[in-house]
Amino acid sequence: QQRTWAGASRIPGPGGPWGATGTSPLVRRGSSSASSCAPEVVLTRERYSVRRLPFSVVSEDDLAALERIVPGRVITDPEELEAPNVDWLRTVRGSSKVLLRPRTSQEVAHILRYCHERNLAVSPQGGNTGMVGGSTPVFDEIIVSTALMNQIVSFHNVSGVLVCQAGCVLEELSRYVEERGFVVPLDLGAKGSCHIGGNVATNAGGLRFLRYGSLRGTVLGLEVVLADGTILNCLTSLRKDNTGYDLKQLFIGSEGTLGVITAVSILCPPKPSAVNVAFLGCPGFAEVLQTFCTCRGMLGEILSAFEFMDAECMKLVGLHLHLACPVQESPFYILIETSGSGAGHDAEKLSGFLEQVLGSGLVTDGTLATDQRRIKMLWALRERITEALSRDGYVYKYDLSLPLDRLYDLVSDLRARLGLHAKHVVGYGHLGDGNLHLNVTAEAFSPSLLGTLEPYVYEWTARQRGSVSAEHGLGFKKKDVLGYSKPPEALQLMQQLKALLDPKGILNPYKTLPTRT
Ligand SMILES: O=C(O)CC[C@@H](O)C(=O)O
Ligand SMILES: [Zn+2]
């Protein structure tokens, strides 16, 4: 099986779940089949003591009926079901016995109509690259995979509007529109495996958020199949359409709990002709923030990414991925990307900015890339942190929105609090969006370490009026902490919307909304 990370690929070697150790980008997010030496993942229902809801159990008659809906695309082979039952982080595992591969929205509609009637639970699945266990079943839910729904429907080369099925892989869409002079307004480390439908269902943020904003703005229309099999065709390509409630927003970020997204219409901006990446070393977090202010002031409209990582992250990408630090060792590193339409103009602005931050001591060392190969190399240091962390052990992940001036305090605080109980406590993320990725690694999952981290991290975040999930969603792992970021009235309305759209609760159960006690 081919495994890819950020577009690069290789065949897995014998060296463990991530293949042989080496220098190439090896890991495909979304496939946890890995090699046979990978330790078994504990069943979600056991690790988290979940109670199965009273759904029907798939019978032989059901299998025959489903076979009539998607002939030859009903998968029941336990070996083939292993990977889709486990998340790519290998932290949650369901026990689904059936995976379906529809090709069309009509087939999805037939499947859901049938499951609704029979009270069978469904777990929609795209690339299975999420961070919060949102796309893997918890018990025996039927997995409905979008893998074969991978057709581009249309692309308009004046407006840049792309319409495609939900199962298109992000990187393939990027390649397609780039050949036509546009870019997809979304980019993330899992681009080689994630599906656009899953991206929209989770309202994925990613690396272009600072420039192009949320999918809530760039997704123009959606086609969604509701729990009872109704096809809701809101697949408009209009930029402006102020008629009634904006129903698509309900499904963006609903993680497959309100409907299954089957097609999307997305506005692609023109491809910038001049791209530069600067990688800088900073002496402290205060200087990182100062550099951000200076950068916004001096680069203005050409700034397209402002990412940061701490020294621990750099240590881990060096240790596990053999990526070399391109600048002098520093406590913090910043990656700045500019995207514009005039190479000369952008270069002039950038050199003025670099002169300023180096001269004032905000930055101690830096390197600049203008060619594709070096740009990719610098981005790899930031994009592949997740992969390096996964090789370090069990990873506790927190994805927080915090006020910029307090953004790193929680990392330092936890490092002191956890001491030797953790292997590494790292902080990195989309600083330009106020989004911290706080990750803690340990040799193995431990309930006591989890107890030290939670609810501490969530309480800390709530005190700052931050968000307990900036961009990864809630899925299975974070569903019970929603109340730290939303008031009880909002939670209640969410429950009511769920009951309205999915009265039997068959769509992605045990996800997004808190367990009712
Ligand atoms: O692994 C994580 O915690 C973050 C993953 C992703 O959102 C990123 O920004 O690299
Ligand atoms: Zn991120």
Side-chain angles (χ1 to χ4, degrees), residues 5-7 18 25 27-30 32 87-92 127-135 170-171 185-194 198-199 202-215 253 304-310 312-314 316-317 320-321 323 333-335 337 376 378-402 407-408 410-411 414 422-442 453 457 461 466-475 477-478:
W5 177 272
W18 305 107
V27 181
R28 184 174 91 95
R29 290 238 309 252
S32 47
D87 70 323
W88 78 275
L89 284 165
R90 302 186 60 76
T91 53
V92 287
N128 198 12
T129 60
M131 300 283 176
V132 288
S135 59
L170 179 59
E171 191 169 51
L186 173 76
D187 184 28
L188 58 157
K191 56 182 155 255
S193 332
C194 63
N199 296 145
T202 54
N203 188 24
L207 307 163
R208 292 187 178 151
F209 191 101
L210 184 71
R211 166 59 64 91
Y212 301 116
S214 158
L215 287 173
S304 56
F306 193 104
E307 300 283 320
F308 92 103
M309 57 198 272
D310 64 14
E312 289 285 280
C313 292
M314 186 60 86
L316 291 175
V317 295
H320 297 297
L321 308 175
L323 301 183
Y333 302 92
I334 299 173
L335 184 151
E337 184 193 74
K376 268 194 159 180
L378 295 180
W379 262 117
L381 291 161
R382 164 62 187 88
E383 276 189 299
R384 297 185 65 200
I385 297 170
T386 297
E387 185 188 346
L389 285 159
S390 291
R391 295 185 186 217
D392 202 51
Y394 185 91
V395 192
Y396 301 84
K397 286 191 175 289
Y398 301 96
D399 162 40
L400 313 167
S401 270
L402 289 167
L407 192 109
Y408 198 75
L410 180 57
V411 184
L414 269 185
K423 253 177 113 175
H424 292 101
V425 179
V426 310
Y428 62 106
H430 317 287
L431 189 113
D433 310 325
N435 181 183
L436 168 73
H437 292 313
L438 160 68
N439 282 217
V440 176
T441 64
L453 287 163
V457 169
T461 304
S467 171
V468 293
S469 180
E471 62 169 2
H472 295 165
L474 299 166
K477 291 199 214 158
K478 311 280 175 180

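None of these values were measured; they are calculated from a predicted model. Counting starts at 1 for both ligands and their atoms, in listed order. When reading the values below, keep in mind they use all heavy atoms of this one structure, side chains included, and skip hydrogens, waters and symmetry mates. Quick note: residue numbers are just sequence positions, from 1.
- Residue-ligand proximity, His430 to ligand 1, at heavy-atom distances under 4.0 Å covers atoms 9 (O).
- Side chain to side chain, Lys397 and Thr91 fail the donor-acceptor criterion of an N or O pair below 3.5 Å.
- Rounding to the nearest 0.5 Å places OH of Tyr428 at 4.0 Å from CG of Asn439.
- Of the N or O atoms in Glu383, none lie within a sub-3.5 Å distance of an N or O in ligand 1.
- The side-chain contact (heavy atoms from CB on, under 4.5 Å) search around Ala388 returns Leu316, Val317, His320, Leu321, not counting sequence neighbours.
- Residue Ser135 is tested with Thr202, Asn128, Asp87 for a side chain to side chain donor-acceptor pair (under 3.5 Å); the sole match is Asn128.
- One distance of note links NZ of Lys477 with CG of Leu89; it measures 5.5 Å at 0.5 Å rounding.
- For ligand 1, the atoms closer than 4.0 angstrom to any heavy atom of Thr386 are 1 (O), 2 (C), 4 (C), 5 (C), 10 (O).
- Against a heavy-atom cut-off of under 4.0 Å, Asn439 is close to the following atoms of ligand 1: 1 (O), 3 (O).
- Against a heavy-atom cut-off of under 4.0 Å, Met131 is close to the following atoms of ligand 1: 1 (O), 5 (C).
- Taking 4.0 Å as the cut-off, Tyr428 counts as a neighbour of ligand 1 on heavy-atom distance.
- Note that CE of Met309 and CG of Leu381 are 5.5 Å apart. Values are rounded to the nearest 0.5 Å.
- Among Met309, Arg382, His437, the residue whose heavy atom lies closest to atom 10 (O) of ligand 1 is Arg382.
- Counting only distances under 2.8 Å, and ignoring water, the protein N, O or S atoms around the Zn ion (ligand 2) are His430 NE2, His437 NE2, Glu471 OE2.
- Judged purely by distance below 3.5 Å, without hydrogens or angles, the side chains of Glu337 and Trp379 pair a donor atom with an acceptor atom.
- Residues that satisfy the ring-ring contact (aromatic ring centres under 6.0 Å, His included) test with His430, not counting sequence neighbours, are His437.
- For His424, the ring-ring contact (aromatic ring centres under 6.0 Å, His included) criterion is met by no residue, not counting sequence neighbours.
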